[in-house]
Amino acid sequence: MPENVVTRFAPSPTGYLHIGGARTALFNWLLARKTGGKFILRIEDTDLKRNTPTATQQVINDLRWLGINWDEGPEIDGPNGPYFQSRRREIYDKYAKQLLDQGRAYYCFETSQELEKLRKQAEAQKKGFVYQRPAVLPTEADVEKAKSEGKPVTVRFAMPDGTIVVNDLVRGAVSFNTAELGDFIIIKSDGFPTYNFACVVDDALMGVTHVIRGQEHLMNTPCQQALWQALGFGELPKYAHMSVTISESGGKLSKRERPQVLRKAIEARPDIYLEKLADVGKINKEQFKGFLAGENVPDVPAVEAMAKYLGVELPEINVIDFFKSGYIPEAMVNFIALLGWSTGEKKEIMPLDELIASFDITRLTKSNSLFDRGKLIAFNTEHIRMLPREKLLAHLKAYLKAVGSPVAQADDQLLLRLIKICEGARTLADIEHKCRFLFVADDHIEYDPKAIQKVLMKDNGLAMLKKVRDNLAAMQEFTEQEIEDMLRSLANQHNVGLGKVAQPLRVAITGSTVSPPIFDSVQLLGREQTLKRIDNTVRKFS
RNA sequence: GGCCCCAUCGUCUAGGCAGGCCUAGGACACCGGGUUUUCAACCCGGCAACAGGGGUUCGAAUCCCCUUGGGGCUACCA
């Protein structure tokens, strides 16, 4: 690619960055990094109703966590600012006026209700709705009149007649008949530009050369191309419409999925008090009703609180959900990159720099891909193994802090040791779950009833545990090696496998049958606490 | 309903544009076995696909058409 590549990611600040957005950002970023070009972050906040005040910061945090940095955008000034569309109003106005003056755009005064009616009529006739351009375009005087009558004033682009061909980098030539596209609104009645308009103006002004985005934008592209040309912006950017990521439950992976899962869970539980639930979510009755009806989606914290109360596992959709589930960014990025793209080589697991090196925009896949969590876990496992320890440590610390784990008390030295003894962990959550026992009080161990049944109540488990206790108490040193030697010889003495000796001990100190290797676990817990926990266990289950 | 996109193992995909090198390759999942102090990890082996129908051609997973299926868009949302 000879020219200077400029790509951008242009999210609308409606909440956390979700997987689909992350993928779009990633491919644009990958192309820029691969070609030595520039990657711009632009915030498309032209819809006052949808924007959330904290969303931009959330998106920024999520991108940074993934390791996707931008050359220009929020917090990184550059020559093309401002990077918030809400602060670029005069620019859009100027171009809208240009089109108006040239007769390539015109004013309209219909209300949403009126348009909705027309749309219904079209549907009833089994036709697509196309706005009918008036024979005589309204004048400025008409605008004044409409305003005084309290009518909404919007501006529509006068779509030229003919066929528009989109030369898509992944789909080839796709043609559209402009008669079916119709005149679309470019300036809303609140004075803000619509997406198609703002996007074109900004892409042109910011010198964007390549637009990689989801297939859901394919239908917008002829509109944007027509606008681009009417505005006299010259050479079009190259478009690449990626396949869409499909959720395991069906359609396009969407933020709405989490609320939906919750809603279903609520419907499946007629026994629970809805008022109590609304309380848990800290939302009022109206909001809660709306939510159940499938409309008003309450905030993320409300959804999470209610899900937690019901014990429902929500599918991870947002980047932050994966972070909270113990995934590491290196794995996420690697996995996401392979959704709708492939290197053509057999190797799939690779660090970021290799991803950049092998990125090739022409190798994007045409067909939609399903988000397969099983494969993500496999990638995460491999990346946890591969990543330099220092980096893994940083991820672990951030994770522990975010989920409020008691393991967060551990210092770096200890954490590194825990990482080491949890070799083969699939997620950071695995490490946390396995090592948690070290950080809870001796009398707060939660015993898994199944574990008690299986290893303590059977095969003289309790009796063996007592013997282990005596031997532990009698040891000179208390190193992993000594502990191992002792347990092995004990097993030998009784002519049983090590498991018969180790499992009762494991249950006694952790309450469960799962822990890091037993020798490390005991040594880390220390003799005093180990003995205490054994005593507690013996007393409790004798 | 209208417009548009897509179609290889359960899933992600290689191969398709330059048709024979494909008895269709890899990865994940799954199944079986091994290793083992638990879980996980690890090692070995196995199962498994060109949606269907017409063409074109000596020859089609690869090119064309139709059907079916999936997906997207259809807003004064992006």
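Just so it is clear: chains get the letters A, B, ... in the order the sequence lines come, proteins before strands, and each one is counted from 1.
Nucleotide B:A24 is matched to nothing when pairs are restricted to Watson-Crick or G-U wobble geometry with both distances under 3.5 angstrom. In this structure B:G69 sits in a base pair with B:C6, meeting the Watson-Crick or G-U test at under 3.5 Å. As the counterpart of B:A60, no nucleotide is assigned, since no Watson-Crick or G-U wobble pattern has both distances under 3.5 Å. In a base pair of the Watson-Crick type (N1 to N3 plus N6-O4 or O6-N4) or a G-U wobble (N1-O2 and O6-N3), with each distance short of 3.5 Å, B:A18 is matched with no nucleotide. When both pairing distances are held under 3.5 Å, B:U36 makes no Watson-Crick or G-U pair with any nucleotide shown. Across all strands shown, the partner of B:G1 is B:U74, judged by Watson-Crick or G-U wobble contacts whose two distances both fall under 3.5 Å.
Judged as a side-chain contact (heavy atoms from CB on, under 4.5 Å), and not counting sequence neighbours, the contacts of A:Met219 are A:Phe176. With sequence neighbours left out, the ring-ring contact (aromatic ring centres under 6.0 Å, His included) criterion links A:Tyr95 to A:Phe233. A search for side-chain contact (heavy atoms from CB on, under 4.5 Å) contacts involving A:Ile185 returns A:Thr154, A:Arg156, A:Thr194, not counting sequence neighbours. Remark: A:Phe437 pairs with no residue by the ring-ring contact (aromatic ring centres under 6.0 Å, His included) rule, at least two apart or across chains.
When the P atom is used for both B:C12 and B:A78, the distance is 31 Å, rounded to whole Å. Between B:C43 and B:U35, the two C1' atoms lie 8 Å apart (nearest whole Å). Atom C1' of B:C21 sits at a distance of 15 Å from the matching atom of B:A14, rounded to the whole Å. Distance check on atom C1': B:G15 versus B:A24 gives 8 Å, rounded to whole Å. Rounded to whole Å, the C1' atom of B:C4 lies 48 Å from the corresponding atom of B:C42. The gap from the C1' atom of B:G46 to that of B:G19 amounts to 33 Å, rounded to the nearest Å. When the C1' atom is compared between B:A61 and B:G45, the two are found 28 Å apart, to the nearest whole Å. Separating the C1' atom of B:G33 from that of B:C66 is a span of 49 Å, rounded to the nearest Å.
Backbone-only engagement by A:Arg363 is indicated by non-hydrogen atom pairs under 4.0 Å involving sugar-phosphate atoms exclusively. A:Leu339 comes within 4.0 angstrom of the backbone, heavy atoms only, and of no base. Residue contacts shown for A:Glu110 include a base, since a base heavy atom lies under 4.0 Å away. Across all strands, A:Pro11 comes closer than 4.0 Å to no nucleic acid atom at all (heavy-atom distances). Nucleic acid contact for A:Lys188: base, since at least one base atom lies under 4.0 Å from a heavy atom of the residue. At the heavy-atom level, A:Gly172 lies nowhere under 4.0 Å from the strands shown. At the heavy-atom level, A:Thr46 lies under 4.0 Å from the strands shown only through sugar-phosphate atoms.
Residue pairs satisfying the side-chain hydrogen bond (donor to acceptor under 3.5 Å, both in side chains) criterion with at least one member in residues 486-495 of chain A, sequence neighbours excluded, are listed as follows: A:Glu484-A:Arg488. For the salt bridge (charged side-chain N to carboxylate O under 4.0 Å, His left out) condition, no pair includes a residue of residues 162-178 of chain A, sequence neighbours left out.
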Listed pairs, N/O of protein and of nucleotides 44-46 of chain B, under 3.5 Å:
none

For nucleotides 23-27 of chain B, which of its nitrogen or oxygen atoms have a protein nitrogen or oxygen under 3.5 Å away, and what is each distance?
from	atom 1	to	atom 2	distance (Å)
B:G25	O2'	A:Lys346	NZ	2.5
B:G26	N2	A:Glu348	OE2	2.9
B:A27	O2'	A:Glu348	OE1	2.6
B:A27	N3	A:Lys375	NZ	3.0

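Checking the phosphate oxygens (OP1, OP2) of B:A14, a side-chain nitrogen or oxygen of A:Ser342 falls inside 4.0 Å. For A:Lys127, no side-chain nitrogen or oxygen approaches OP1 or OP2 of B:C3 to under 4.0 Å. Here A:Ser369 reaches the OP1 or OP2 of B:U13: one of its side-chain N or O atoms lies under 4.0 Å away. For the pair A:Lys366 and B:U13, the criterion of a side-chain N or O lying under 4.0 Å from OP1 or OP2 is not met.
Around atom NZ of A:Lys188, more than 12 heavy atoms belonging to other residues, nucleotides or ligands sit under 6.0 Å away. Heavy atoms from other residues, nucleotides or ligands lying under 6.0 Å from NZ of A:Lys500 number 12 at most. In A:Glu446, the CD atom is not crowded: 12 or fewer heavy atoms of neighbouring residues, nucleotides or ligands sit closer than 6.0 Å. In the displayed structure, A:Glu354 atom CD is contacted under 6.0 Å by more than 12 heavy atoms of other residues, nucleotides or ligands.
In plain terms, the two heavy atoms of A:Arg436 and A:Ser405 that are nearest each other are NH1-OG, 4.4 Å.
For the residue pair A:Tyr327 and A:Glu316, no side-chain donor N or O sits within less than 3.5 Å of a side-chain acceptor on the partner. A:Thr537 and A:Tyr447 share a side-chain donor-acceptor pair at under 3.5 Å. Remark: the A:Asp202 side chain and the A:Tyr83 side chain contain no N/O donor-acceptor pair separated by less than 3.5 Å.
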For this session: Check the pair A:Leu99, A:Leu227 against side chain to side chain contact (heavy atoms under 4.5 Å, CB included), reporting the backbone distance first and the verdict last.
Result: CA-CA 9 Å; A:Leu99 291 176; A:Leu227 226 30; 4.1 Å; yes
For this session: Start with the C-alpha gap between A:Glu480 and A:Arg417, add the side-chain angles, then the distance that decides, and say whether salt bridge (Lys or Arg N to Asp or Glu O under 4.0 Å) holds.
Result: CA-CA 13 Å; A:Glu480 305 98 87; A:Arg417 170 95 189 274; 3.7 Å; yes
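For the segment residues 174-181 of chain A, residues with any heavy atom less than 4.0 angstrom from an atom of RNA chain B are, sorted by number, A:Val174, A:Phe176, A:Glu180. Proximity of residues 461-472 of chain A to RNA chain B (heavy atom under 4.0 angstrom from any strand atom) is not detected for any residue.
For an aromatic pair to be called close, the ring centres must be under 6.0 Å apart, and A:His210 with A:Phe27 fails this. Annotation: A:Phe9 is not in aromatic contact with A:Trp70 [ring centroid separation under 6.0 Å not met].
Between the CD atom of A:Gln224 and the P atom of B:C4 there is a distance of 18 Å, given to the nearest Å. Rounded to a whole Å, the CG atom of A:Leu338 is 8 Å from the P atom of B:U13. A:Leu364 has its CG atom 17 Å from the P atom of B:C5, to the nearest Å.
Taking the six-membered ring where tryptophan is involved, the planes of A:Phe371 and A:Phe335 are perpendicular, since the angle between them exceeds 60° and thus also 30°.
No donor-acceptor pair closer than 3.5 Å links the side chain of A:Arg8 to the backbone N or O of A:Ile40. Between the side chain of A:Asp45 and the backbone N or O of A:Ser86 there is at least one donor-acceptor pair closer than 3.5 Å.
If you check distances only, the side chain of A:Ser367 never reaches the base of B:C6 with a donor-acceptor pair under 3.5 Å. In the interface, the side chain of A:Arg50 is paired with the base of B:C77 through a donor and an acceptor atom under 3.5 Å apart.
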For this session: Would you mind building the protein contact string for nucleotides 62-75 of chain B? One character per nucleotide, 5' to 3', B for base within reach (heavy atoms under 4.0 Å), S for sugar-phosphate only, - for untouched.
Result: ---------BBS-S
Seminar exercise, completed: In 5'-to-3' order, the base (B), backbone-only (S) or no-contact (-) status of each nucleotide in nucleotides 36-41 of chain B, using a 4.0 angstrom heavy-atom cut-off, is -BBBBS
